[in-house]
Amino acid sequence: MNIEMSLVPYEEKSVLYNLIQLYRYDSSEFDGHVLNHHGMYLYKYFDHQWTDEYRRPFIVRVDGEISGFVLISLDVPKEYMKLSGAEKTNIVSDFFIMRKYRRKGVGRYVAYSLFEQFSGTWEIRQTAGNKPAYEFWKQIITQYKADDFYQEKILQNEKWNGPVFVFESAAR
């Protein structure tokens with residue numbers, strides 16, 4: 001299985017938009033997103049993926065077939081973090097692997113690749129009701145960090161409602 005991640009060029013933003021529709025549908029049972037009157041899910045910061053220099057939109061492909069996406073933000077100042085106290089933190093904003101590729105190592109490969117490519121402090125959050133996402137990230141981070149330290153806390157405040165992980169990554 002050949003897994004690749006590539007930045008989404010602005011000219012191909014419709015591909016990402018279509019994947020976000022699948023992602024929002026898939027996660028709507030946990031986060032309560034609703035369709036607009038056109039039958040589409042909105043994504044507030046969609047165009048920001050190409051206008052904010054700290055954002056990176058990636059498409060994931062397995063053997064050349066589109067299999068998901070990941071949206072990250074890099075070097076975000078600590079005043080915007082939910083838990084991290086680092087001066088700058090990387091964030092996984094949204095992470096989606098299509099169902100047919102789940103439980104086959106694709107998500108793990110993508111997550112580890114991001115951690116190694118963009119070393120530093122990471123903060124990864126899940127909404128309170130999304131137990132599958134929590135279990136995925138708990139396993140990924142526990143295995144990635146092995147016996148090293150990571151922080152995990154369930155927040156219920158004005159900043160966030162759900163589990164948050166904070167850890168350091170380094171290029172391997």
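Side chains of K13 and D47 form a contact here, defined as non-hydrogen atoms less than 4.5 Å apart. Two residues are said to be in side-chain contact when any heavy atoms from C-beta on lie closer than 4.5 Å; V15 and V8 fail this criterion. Counting heavy atoms from C-beta outward, Y43 and I20 have side chains that approach closer than 4.5 Å. When side chains are defined from C-beta on, S6 counts as touching R61, because their heavy atoms get closer than 4.5 Å. Looking at heavy atoms from C-beta onward, V110 lies in side-chain contact with I3 at the 4.5 angstrom threshold. Counting only heavy atoms from C-beta outward, the side chains of I72 and L74 approach each other to under 4.5 Å. Side-chain contact check for M5 versus S113: some heavy-atom pair is nearer than 4.5 Å. Between N161 and L155 there is no side-chain heavy-atom pair separated by less than 4.5 Å.
Put simply, CD on E65 and CD on E4 are 13.0 Å apart, with the number rounded to the nearest 0.5 Å. Note that the CD atom of Q126 and the CD1 atom of I154 stand 9.5 Å from one another [nearest 0.5 Å]. With rounding to the nearest 0.5 angstrom, the CD atom of E168 is 10.5 Å from the CD atom of Q151. The structure places OH of Y23 at 7.0 Å from CG of D31, a figure rounded to the nearest 0.5 Å. Atom OG of S169 sits about 7.5 Å away from atom NZ of K145, to the nearest 0.5 Å. If you take OG on S84 and CD1 on I91, they are separated by 8.5 Å, rounding to the nearest 0.5 Å.
For D63 (side chain) and M1 (main-chain N/O), no donor-acceptor pair under 3.5 Å exists by modelled atom type. Side-chain atoms of R108 never come within 3.5 Å of backbone atoms of I140 as a donor-acceptor pair (strictly under, hydrogens ignored). Formation of a donor-acceptor pair under 3.5 Å by the Q49 side chain with backbone atoms of Y45 is found in this model. Without hydrogens or angle criteria, N36 side chain to H38 main chain gives a donor-acceptor distance under 3.5 Å. Side-chain atoms of N90 come within 3.5 Å of backbone N or O of F118 as a donor-acceptor pair. The backbone N or O of K100 sits nowhere less than 3.5 Å from a side-chain atom of R103 that would complete a donor-acceptor pair. In terms of modelled atom types and a separation under 3.5 Å, the side chain of K153 and the main chain of G162 share no donor-acceptor contact.
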Could you go step by step and tell me if H33 and L42 meet the side chain to side chain contact (heavy atoms under 4.5 Å, CB included) rule? CA-CA 9 Å; H33 283 106; L42 296 178; over 6 Å; no
Apply ring pair (Phe, Tyr, Trp, His ring centres under 6.0 Å) to residues F69 and F58 and explain how you reach the verdict. CA-CA 5 Å; F69 72 90; F58 289 95; over 10 Å; no
Applying side chain to side chain contact (heavy atoms under 4.5 Å, CB included), run through V60 and Y109 and close with a yes or a no. CA-CA 10 Å; V60 178; Y109 178 89; over 6 Å; no
Tell me, with the steps shown, if E152 and K138 meet salt bridge (Lys or Arg N to Asp or Glu O under 4.0 Å). CA-CA 9 Å; E152 175 185 358; K138 175 79 172 179; 2.5 Å; yes
Should L71 and L16 be marked as a side chain to side chain contact (heavy atoms under 4.5 Å, CB included) after you check the CA-CA gap, both sets of side-chain angles, and the distance that decides it? CA-CA 10 Å; L71 307 178; L16 179 59; 3.9 Å; yes
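Ring geometry for F46 versus Y17: interplanar angle over 60°, hence perpendicular rather than tilted (30 to 60°). The aromatic rings of F167 and F115 stand perpendicular to each other, their planes meeting at an angle above 60°, with 30° marking the opposite boundary.
Minimum heavy-atom separation, S67 to V62: OG-CG2, 3.3 Å. Considering all non-hydrogen atoms of both residues, P163 and A128 come closest at CD-CA, 4.3 Å. Here the closest non-hydrogen pair linking T121 and K88 is CB-O, 3.9 Å.
A chain of hydrophobic side-chain contacts below 4.5 Å, direct or via other Ile, Leu, Val, Met, Phe, Trp or Tyr residues, connects L114 to L19. Placement of I59 and L7 within a single hydrophobic cluster is found when ILVMFWY residues are connected by side-chain heavy-atom separations under 4.5 Å, directly or transitively. In the hydrophobic clustering of ILVMFWY residues, with side-chain heavy atoms under 4.5 Å counting as a link, F96 and Y134 come out together. Residues I124 and V106 fall within the same hydrophobic cluster, defined by Ile, Leu, Val, Met, Phe, Trp and Tyr side chains chained together at heavy-atom separations under 4.5 Å. Both W122 and V70 are assigned to one and the same hydrophobic cluster, defined by single-linkage of ILVMFWY side chains at heavy-atom distances under 4.5 Å.
Y25 has its ring centre no less than 6.0 Å from the ring centre of Y41. Ring to ring, W137 and F95 are close: their centroids are under 6.0 angstrom apart.
Salt-bridge check for K78 with E87: passed, with a basic side-chain N closer than 4.0 Å to an acidic carboxylate O. Under the 4.0 Å criterion applied to side-chain N and carboxylate O atoms, R125 and E123 are assigned as salt-bridge partners. Contact check on R24 versus D94 returns no salt bridge, with no Lys/Arg side-chain nitrogen under 4.0 Å from an Asp/Glu carboxylate oxygen.
Relative to the ring axis of W50, R55 does not place its NZ or CZ within 45° and under 6.0 Å from the centre.
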